[in-house]
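Take a look at the structure below.
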Amino acid sequence: MLQLKWIKQNDEKVQTAADQKGINISIKELLILDEEKRKLRKKVEDLRFKRNKLSQEIGLLKRSGEDGLIEELKNKVKDINEKLLTIEFDLKNVENQFDEMMLQVPNIISEDTPIGSSDKDNVEIRRVGEPMIENKQLKDHVALGEMHDMIDIARGVKTGGSRSYFLKGIGVLLHRAVEQLAFDILIKKGLTPLEVPVMVRTDALTNTGYFPLGKDQTYKLVDENKWLVGSSEVPLVSYYANEIVDVDLPLKFSASSKCFRSEVGSSGRDVHGLYRVHQFEKVEQVVLCKADEEISNQLLLEITSNAEEILQLLELPYRVMAVCSGDMSQKTYKQFDIETWMPSRNAYGETHSSSNLLDFQTLRSNIRYRDENGELNFCYSLNNTAIASPRILIPLLENHQQEDGSIQIPKALQKYMNGMEKIVPVKMKCCK
RNA sequence: GGAGAGGUGGUCGAGCGGCUUAAGGCACUGGUCUUGAAAACCAGCGAUGGGGGGACUCAUCCGUGGGUUCAAAUCCCACCCUCUCCGCCA
């Protein structure tokens with residue numbers, strides 16, 4: 001959410017951002033509603049002023065014992081209240097419409113963001129590592145997972161429905177190893193680790209910008225009237241909701257949590273393997289800082305490079321993309337995605353997403369700080385993936401596979417795998 | 001799940017139908033005193049929105065939403081949350 005004052009002064013800029021993000025909203029209409037709201041409110045306030053005055057008079061008369069005039073005054077107030085009733089009703093209506101619309105106003109877009117309509121228009125900024133050349137001998141992660149008895153999608157679907165999976169044996173170790181590696185790196189970088197609630201109230205989702213537009217992506221716990229988060233970004237940002245914080249130094253947090261996404265609207269897409277699943281584990285970084293664009297952009301680079309460092313430790317080829325307007329969400333000001341090479345797709349696939357949201361989330365979440373002059377300001381917030389598994393297992397298994405079917409474990413990961421250097425195929429045990 | 005207590009500004013906390021325009025303390029800011037600091041004393045100090053060039057001024061805000069009343073932080077109803085005890089439980 002942007003501040004109304006700011007929207008008024010920059011209505012064209014905001015409208016442009018909406019158009020470029022593909023969000024259907026008319027800022028003009030919003031401002032008309034605001035005008036209407038203010039007019040009605042003025043009327044209500046004037047009437048309330050009169051009522052307050054009369055009521056005070058009644059109080060005074062009562063105390064002095066002069067009861068004579070009281071009935072007359074009471075009737076006057078009753079008249080006012082009757083008028084108020086209809087105007088207040090209209091006001092409420094306009095306010096509701098206005099509030100609903102305000103929740104859909106997008107964040108503006110940074111000047112260096114490429115303009116485009118979909119992920120095809122994202123712009124590559126840099127590549128690190130050499131992609132594996134396509135080779136018929138190569139197996140994809142599903143085949144490798146079966147071969148090593150570490151991924152079982154069929155039984156996952158049998159148990160949990162589409163887009164479900166079991167990890168098994170070494171697969172589980174690997175999954176936990178990449179998480180722990182990422183987590184340790186972030187802690188070393190000074191991020192404070194948190195264990196977070198993944199069942200949250202509606203407010204947390206609205207205030208972090210996931211609702212109302214992303215509602216259909218979110219699982220609801222009907223009886224509890226709570227929701228399952230799709231990212232620990234939600235609880236991490238909400239941690240300081242309605243608080244005044246000290247951001248002389250940026251507040252940096254990380255969490256490792258389960259994430260749940262309904263993936264409504266992507267049926268039929270990425271159905272093969274572990275790419276797009278309903279439940280996964282993600283290590284996330286969230287940063288709160290002063291309302292200073294330079295500082296926040298610096299931090300965006302910092303958290304992005306944290307993610308890159310992890311990919312480098314995993315010895316995976318990747319590229320960094322400047323995400324274009326049409327591929328951005330409502331809340332985003334500036335975004336980098338990291339795509340990791342996935343041999344089975346013969347393409348880079350998105351594994352990380354790094355965003356600067358300015359004060360979009362903190363306005364909704366009401367997270368403020370006092371500046372040098374003692375004035376209250378809204379913080380800026382940023383977030384980025386450190387690692388998300390099992391999606392990262394796709395490039396990890398596929399890029400590190402050897403000709404004999406074994407999988408080389410990157411050095412940095414070995415200590416998290418009890419010193420294991422290589423995964424060798426399990427011998428088929430006679431069990432059927 | 002059962003019983004009870006409670007939710008008031010940055011924080012603690014009083015108020016429990018009308019001189020509340022939310023007391024008072026703490027914290028914070030400025031000043032006096034002091035070589036400097038502390039202490040003491042004096043002064044200032046909530047948020048949001050509207051009007052005015054401005055000193056100002058008006059409305060709203062006491063967990064949230066309804067209701068009663070001429071008038072609600074205060075009374076009533078529903079919901080949310082916190083704490084204590086009991087029950088259940090990894």
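We name chains A, B, ... by the order of the sequence lines, and we start the count at 1 in each one.
- When both distances must be under 3.5 Å, the Watson-Crick or G-U wobble mate of U20(B) does not exist.
- A gap of 34 Å separates the P atoms of U48(B) and A37(B), to the nearest Å.
- When each of Lys43(A), Arg41(A), Arg48(A), Arg51(A) is tested with Glu88(A) by the rule salt bridge (charged side-chain N to carboxylate O under 4.0 Å, His left out), just one qualifies, namely Arg48(A).
- Of the nucleotides present, U84(B) is the one that pairs with A3(B) by Watson-Crick or G-U wobble criteria, both distances under 3.5 Å.
- Atom-to-atom, CG of Asn242(A) to P of C61(B) comes out at 18 Å; the value is rounded to the nearest Å.
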Side-chain polar contacts of residues 172-180 of chain A - donor-acceptor pairs under 3.5 angstrom, sequence neighbours left out - could you list them?
residue, atom, partner, partner atom, Å
His175(A), ND1, Ser389(A), OG, 2.6
Glu179(A), OE1, Ser256(A), OG, 3.2
Gln180(A), NE2, Asp184(A), OD1, 3.0

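- The same atom, P, is picked in G10(B) and in A22(B); the two are 15 Å apart, to the nearest Å.
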Under 3.5 Å, which donor-acceptor pairs do the side chains of residues 230-239 of chain A form with other protein atoms, sequence neighbours left out?
residue, atom, partner, partner atom, Å
Ser231(A), OG, Glu233(A), N, 3.0
Ser231(A), OG, Lys282(A), NZ, 2.8
Glu233(A), OE1, Tyr210(A), OH, 2.7
Glu233(A), OE1, Lys331(A), NZ, 3.3
Glu233(A), OE2, Lys331(A), NZ, 2.8
Glu233(A), OE2, Gln361(A), NE2, 2.7
Glu233(A), OE2, Asn383(A), ND2, 3.3
Ser238(A), OG, Val234(A), O, 2.8

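- For G9(B), there is no paired nucleotide, since no Watson-Crick or G-U wobble pair has both relevant distances below 3.5 Å.
- Pairing partner, A71(B): none, since no Watson-Crick or wobble contact has both distances short of 3.5 Å.
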Counting primed atoms, P, OP1 and OP2 as sugar-phosphate and everything else as base, the B/S/- map of nucleotides 45-59 of chain B against protein heavy atoms under 4.0 Å is --S-BS-------SS
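- Across every strand in view, C89(B) sits unpaired, with no contact that passes the Watson-Crick or G-U test at under 3.5 angstrom.
- Within the shown strands, nothing qualifies as a pairing partner of C33(B) under the Watson-Crick or G-U definition with both distances less than 3.5 Å.
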Grab the N/O contacts between the protein and nucleotides 64-70 of chain B below 3.5 Å, and write none if there aren't any.
residue, atom, partner, partner atom, Å
G66(B), OP1, Lys92(A), NZ, 3.4
C70(B), O3', Asn81(A), ND2, 3.3
C70(B), O2', Ser55(A), OG, 3.2
C70(B), N4, Lys62(A), NZ, 3.4

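- G1(B) sits 12 Å from C79(B) when the P atoms are compared, rounded to a whole Å.
- Here G10(B) presents its C1' atom at 17 Å from CD1 of Ile367(A), a figure rounded to the nearest Å.
- Across G4(B) and C58(B), the matching C1' atoms stand 43 Å from one another, rounded to whole Å.
- Put simply, CG on Asp246(A) is 16 Å from P on G10(B), counting in whole angstrom units.
- Side-chain contact of Tyr318(A) with His352(A): a donor-acceptor pair under 3.5 Å is absent, judged by distance alone.
- Under the 4.0 Å criterion applied to side-chain N and carboxylate O atoms, Lys83(A) and Asp79(A) are not assigned as salt-bridge partners.
- A23(B) and G46(B) are spaced 10 Å apart, taking the P atom of each and rounding to whole Å.
- In this entry G44(B) has C28(B) as its Watson-Crick or G-U wobble partner, both defining distances falling under 3.5 Å.
- Considering His272(A), Glu398(A), Gln401(A) in turn, Glu398(A) is the only one that fulfils the side-chain hydrogen bond (donor to acceptor under 3.5 Å, both in side chains) rule with His141(A).
- The side chain to side chain donor-acceptor pair (under 3.5 Å) check on Glu263(A) picks up Ser266(A), Arg276(A), with sequence neighbours excluded.
- The two atoms that bring Glu350(A) and Tyr275(A) nearest to each other are N-OH, 3.3 Å, heavy atoms only.
- Here the separation of C86(B) from U29(B), taken at their P atoms, is 46 Å to the nearest Å.
- Rounded to whole Å, the separation between the C1' atoms of G6(B) and G15(B) comes to 16 Å.
- Judged by a 6.0 Å distance limit and a 45° cone about the ring axis, Lys92(A) is not positioned over the six-membered ring of Phe89(A).
- Spacing of C1' atoms, A27(B) relative to C45(B), comes out at 11 Å, to the nearest Å.
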Return a table of donor-acceptor pairs under 3.5 angstrom between the side chains of residues 187-198 of chain A and protein atoms on other chains or two or more places apart.
residue, atom, partner, partner atom, Å
Lys189(A), NZ, Glu309(A), OE1, 2.7

